[in-house]
S.K.: 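So that we are looking at the same thing, I have put the structure below in structure tokens.
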Amino acid sequence: MPVQYTSIMEEHEAVRTGAGIFDISHMGQFFVDGPGACDWLNHMLTNDVSALQPGQGHYTLMLNETGGVIDDLILYRTGPESFFLVVNAAKIEEDHAWLTSHAGQDARLRDESDAWAGMAVQGPRATEILAQACPEMELPPRNGIIATADGCIFCRTGYTGEDGFEFFCPADEAEARWKNFTSAGAVPCGLGARDTLRLEMCFPLNGNDLSPERTPVESGLGFFCKKDSGAYIGGDVVARQKAEGPTARLCAIRYTGSGAPPRAHYPVLDADGNELGELTSGVLSPTLRRGIAMAYLPATLAKPGTPLLIDVRGRQFPAEVVKKPFYKRA
Amino acid sequence: MNVPDDLRYCSSHEWVRLEGDIATVGITDHAQAELTDVVFVEPPAVGRAVDFEDPTAVVESVKAASDIYAPCSGEVVEANPEVESDPSLVNTDPYGKGWIFKLKVANPEDIGKLMDPDAYRAHIS
């Protein structure tokens, strides 16, 4: 996927007001099945797998023993004993190695990332695009999954904050399927718009906002850690942090005026100029026309309204902590 | 891509218009098309002395920040306030209202060593 096909601004706008299509073939597709699949995934992932009925999915995290994030992913239950996982591209090998090294009883894991292509159609017109491109197809409810008779998968999810779906098909069908959706009016969108759209929603990006040194409680994702502490790897740390409160939190930060676009790794300072850390993500929000960013801040400063400064090449731009997300659909 | 005949060019996609010993500098049509959506321009401080190829200004699109290099040695005598308030001028009028800064050139003959329009056309083709 390129950074942009035409312009990040135009592509972003297409998703917020019409429909865009992203090539997400780089993402990983794992399949898990067997009588022990549910119990094993419950041990490996933070969210409660047993709460999923066949056809349902949810956001979940895979943690290391110290509660740090290895990866965030979407898990779907496709049958009583079968599951489909969509993982981050950069983490396919690491995830697979971690899962393999903690192999479960009566549960088989298959990495089929190379065999599948994926595309995400996102935006208020996404269902219209689908109706035109695949007239027979009816989407599942939010977070749901449907496998089609011709070997494809539709998931009602996305990474933009808009309605839409992710579609997976055999890799050799990708080009024809892509053309089918673009002919129906979906605007090709690149990685740049994917980043601006997800950051307006405060959806974390693994490798930027999530890391093996930060727990989901610090990242504001405690909601997706549903089970008792002993039930999954890292759960004891999560339970302790939930009880005691984390010392740092991933905060949403917005410029109070115009300024140079914030970007990952720029220093973030308190109002007196003391360095607090660095931005984990940052962009100029195409919707808000303001700099928006995220950073881990001491929990005492993680309150909306806390004044901050963002250092861009030695110039400091005023900003403040705001509530998540930056953007809410009208 | 528009490559005006009366300008000189750098391999890093700046254009230069020399009038007396004052060089006006901006980025080319090709460069603005590659950047797309210019959202911020950081011009240099007036009075700053720069050497050939010093990073002198910054132009930012949504996707990236790009340094603009001095096409020759000299002193910054003016920065364009209009591109600071309306950075999109760099996209819409790169050779006109989208100029970024002016240098008092130390050695005007240095400008003649830059690429002529044909050389720049070959450079971007």
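Small disclaimer: the values here were computed from a predicted structure and weren't measured. Scope of the values below: all heavy atoms of this structure, side chains included, with no hydrogens, waters or symmetry mates. Chain letters run A, B, ... following the sequence lines, proteins first, then strands; residues in each count from 1.
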S.K.: Checking B:Ala64 against chain A: side chain, backbone, both or neither under 4.5 Å from a heavy atom?
M.R.: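 Backbone only.
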S.K.: Checking B:Val41 against chain A: side chain, backbone, both or neither under 4.5 Å from a heavy atom?
M.R.: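 Neither part.
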S.K.: Atom NZ of residue position A:Lys324 - does it have more than 12 heavy atoms of other residues, nucleotides or ligands inside 6.0 Å?
M.R.: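 Enclosed.
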S.K.: What option among B:Val58, B:Asp37, B:Val39 has the most heavy-atom pairs under 4.5 Å with chain A?
M.R.: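 Ranked by contacts with chain A, first place is B:Asp37.
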S.K.: So which part of A:Val3 gets closer than 4.5 Å to some heavy atom of chain B, the side chain, the backbone, both or neither?
M.R.: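 Only the side chain of A:Val3 comes within 4.5 Å of chain B.
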S.K.: If you count every heavy atom of other residues, nucleotides or ligands that lies below 6.0 Å from B:Glu75 atom CD, does the total exceed 12?
M.R.: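 Yes, the 6.0 Å shell around CD holds more than 12 heavy atoms from other groups.
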S.K.: Looking at B:Phe40 and A:Pro261, what are the two nearest heavy atoms and their distance?
M.R.: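 Heavy-atom minimum between the residues: CB-CD, 3.6 Å.
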S.K.: Find the one option among A:Ser258, A:Ala260, A:Gly192, A:Gly259 whose heavy-atom pairs under 4.5 Å with chain B are most numerous.
M.R.: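 Looking at each option in turn, the highest pair count goes to A:Ala260.
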S.K.: Checking heavy atoms, do the side chain of A:Thr196, its backbone, both or neither come under 4.5 Å from chain B?
M.R.: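 Interface part for A:Thr196: side chain.
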S.K.: With a 4.5 angstrom heavy-atom cut-off, which part of A:Arg289 approaches chain B: side chain, backbone, both or neither?
M.R.: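 Answer is neither: A:Arg289 stays 4.5 Å or more from chain B.
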S.K.: Are there over 12 heavy-atom neighbours, none belonging to A:Arg214, within less than 6.0 Å of that residue's CZ?
M.R.: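 Counting neighbours around CZ of A:Arg214, more than 12 heavy atoms of other residues, nucleotides or ligands fall under 6.0 Å, so yes.
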S.K.: Taking atom CD of A:Glu175 as the centre, does the number of heavy atoms from other residues, nucleotides or ligands within less than 6.0 Å exceed 12?
M.R.: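 It does not: A:Glu175 CD has 12 such atoms or fewer within range.
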S.K.: Report the distance from atom OG of B:Ser61 to atom CD of A:Gln4, rounding to the nearest 0.5 Å.
M.R.: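 Those atoms lie 7.0 Å apart.
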S.K.: At their closest point, which heavy atom of B:Ala65 faces which heavy atom of A:Arg263, and how far apart are they?
M.R.: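 Heavy-atom minimum between the residues: N-NH2, 3.6 Å.
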S.K.: Would you mind checking which part of B:Val62 comes under 4.5 Å of any heavy atom in chain A, side chain (CB onward), backbone (N, CA, C, O), both or neither?
M.R.: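 B:Val62 touches chain A through backbone and side-chain heavy atoms alike.
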